Undergrad: 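Here it is, the structure, as structure tokens.
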Amino acid sequence: MIRLFVGIPLPPSLRRQLGSFAAGIPNARWTPEENLHLTLRFIGEVDETTAGAVHDALAELQAPAFTMTVGGCGTFEGGRRPVTLWLGVERQPALVRLRDKVESALVRVGLPAESRRFQPHITLARMKDPPLPKLHAFVAGHNLFHDSVPVTSFVLFSSHLGRGEPIYTAEAEYPLTADS
Ligand code: 2AM
């Protein structure tokens with residue numbers, strides 16, 4: 001079995017910059033710089049045959065390259081407490097269309113449809129009971145950050161869960177067609 005997700009890697013310069021944000025919130029587990037990415041579709045554990053079918057389906061997908069805009073901070077709540085700190089990604093049509101094409105390809109392969117709404121984001125940290133004034137200060141201090149990222153491919157990642165942070169490996173990269 002292999003744990004998979006489809007994502008968009010970030011350029012090293014942006015990862016370095018986001019990595020430098022990782023301070024100021026006690027009880028935060030910051031995403032290691034090398035793991036920072038946008039998830040297009042989480043797949044989960046599949047067998048090798050399904051993984052091969054997923055790869056074949058993604059390799060056939062055609063979609064145009066685009067420029068992704070990132071910026072703005074926010075949190076997802078769990079049990080009414082903030083548990084995920086994220087950097088926002090604009091919900092622009094080219095990104096949503098790419099995500100929809102990935103979703104259709106995976107459903108054709110036989111995976112169950114994703115029921116959760118697509119909320120594009122880059123997870124900066126996971127938190128357990130963070131002090132709210134510190135969290136709010138972080139958001140206020142980083143909310144104006146924004147950047148543009150050329151997206152010329154997407155990636156099938158495997159995720160290996162061990163004792164520490166997950167290890168993400170790019171199993172295959174799929175080029176997008178040249179911007180028109
Ligand atoms: P997150 O960053 O918002 O938690 C690899 O685990 C990626 O898949 C993460 O970026 C994670 O998003 C995303 N993901 C989506 N659904 C998931 C799930 N049920 N379990 C683990 N990761 C999930």
Side-chain angles (χ1 to χ4, degrees), residues 1-12 14-22 25 27-47 50-51 54-55 57-58 61 68-92 95-96 98-107 109-130 135 138-139 142-143 145 147 149 151 153-174:
M1 298 290 276
I2 181 167
R3 184 179 172 91
L4 297 174
F5 68 95
V6 182
I8 296 176
L10 304 180
L14 177 59
R15 282 193 273 120
R16 268 197 300 279
Q17 205 165 2
L18 298 181
S20 75
F21 291 180
I25 308 177
N27 305 338
R29 195 156 50 79
W30 296 93
T31 306
E33 220 172 278
E34 66 272 18
N35 279 2
L36 289 163
H37 69 278
L38 166 78
T39 300
L40 284 172
R41 169 57 144 92
F42 180 71
I43 296 174
E45 301 271 346
V46 294
D47 60 33
T50 307
V54 163
H55 168 62
L58 294 177
L61 193 158
M68 178 166 94
T69 308
V70 305
C73 294
T75 58
F76 292 141
E77 321 294 312
R80 303 178 66 193
R81 302 286 299 170
V83 290
T84 303
L85 173 66
W86 47 255
L87 182 75
V89 177
E90 193 187 330
R91 226 177 168 286
Q92 65 196 94
L95 173 63
V96 175
L98 173 60
R99 183 265 174 195
D100 288 347
K101 284 183 177 182
V102 168
E103 174 66 16
S104 310
L106 298 182
V107 168
V109 163
L111 295 178
E114 173 60 86
S115 54
R116 294 189 298 184
R117 181 183 141 83
F118 180 48
Q119 292 182 280
H121 65 277
I122 296 159
T123 296
L124 297 177
R126 296 175 206 285
M127 305 171 294
K128 197 162 181 256
D129 273 330
L135 175 60
F138 180 93
V139 170
H142 295 86
N143 215 13
F145 173 83
D147 200 6
V149 180
V151 181
S153 66
F154 64 99
V155 166
L156 178 63
F157 286 101
S158 64
S159 166
H160 182 79
L161 303 179
R163 281 199 179 177
E165 294 297 331
I167 295 168
Y168 298 151
T169 305
E171 299 290 340
E173 182 169 7
Y174 311 97

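Both ligands and their constituent atoms are indexed starting at 1 by order of listing. Since the structure is predicted, the reported quantities are computational estimates derived from the model, not experimental observations.
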Undergrad: What's the shortest distance from atom 4 (O) of ligand 1 to any protein heavy atom, and which residue and atom give it?
TA: Arg126 NH1, 2.9 Å
Undergrad: Any heavy atom of Tyr168 sitting closer than 4.0 Å to ligand 1?
TA: yes
Undergrad: Between Glu103 and Arg41, is there a side-chain N and carboxylate O pair less than 4.0 Å apart?
TA: yes
Undergrad: Of the options Val83, Asn27, Thr84, Leu85, which is the one that meets Met127 in a side chain to side chain contact (heavy atoms under 4.5 Å, CB included)?
TA: Leu85
Undergrad: Can you find a side-chain donor-acceptor pair between Thr75 and Glu77 that sits under 3.5 Å?
TA: yes
Undergrad: Would you give the length of the straight line joining atom CG of Leu38 to atom CZ of Phe154, rounded to the nearest 0.5 angstrom?
TA: 12.5 Å
Undergrad: Show me which atoms of ligand 1 lie under 4.0 Å from any heavy atom of His37.
TA: 7 (C), 9 (C), 10 (O)
Undergrad: For atom 16 (N) of ligand 1, what is the closest protein heavy atom, and at what distance to 0.1 Å?
TA: Arg116 NH2, 2.7 Å
Undergrad: When you measure from atom 8 (O) of ligand 1 to each heavy atom in Trp86, Phe42, Phe157, which option holds the nearest one?
TA: Phe42
Undergrad: So which of Leu95, Val89, Val155 actually passes side chain to side chain contact (heavy atoms under 4.5 Å, CB included) with Ile8?
TA: Leu95
Undergrad: With nothing but distance in play, are any N or O atoms of Thr123 less than 3.5 Å from an N or O of ligand 1?
TA: yes
Undergrad: Distance check, rounded to the nearest 0.5 Å: Leu18 atom CG versus Trp30 atom CH2?
TA: 10.5 Å
Undergrad: Going by the order shown, which atoms of ligand 1 are within less than 4.0 Å of some heavy atom of Arg3?
TA: 20 (N), 21 (C)
Undergrad: Between atom CZ of Phe157 and atom CZ of Arg3, what is the distance when rounded to the nearest 0.5 Å?
TA: 14.5 Å
Undergrad: Any nitrogen or oxygen of Ser159, main chain or side chain, under 3.5 Å from a nitrogen or oxygen of ligand 1?
TA: no
Undergrad: Give the residue, atom name and distance (to 0.1 Å) of the protein heavy atom nearest atom 3 (O) of ligand 1.
TA: His121 NE2, 2.6 Å
Undergrad: Among protein heavy atoms, which lies nearest atom 12 (O) of ligand 1, and at what distance?
TA: Thr39 OG1, 4.0 Å
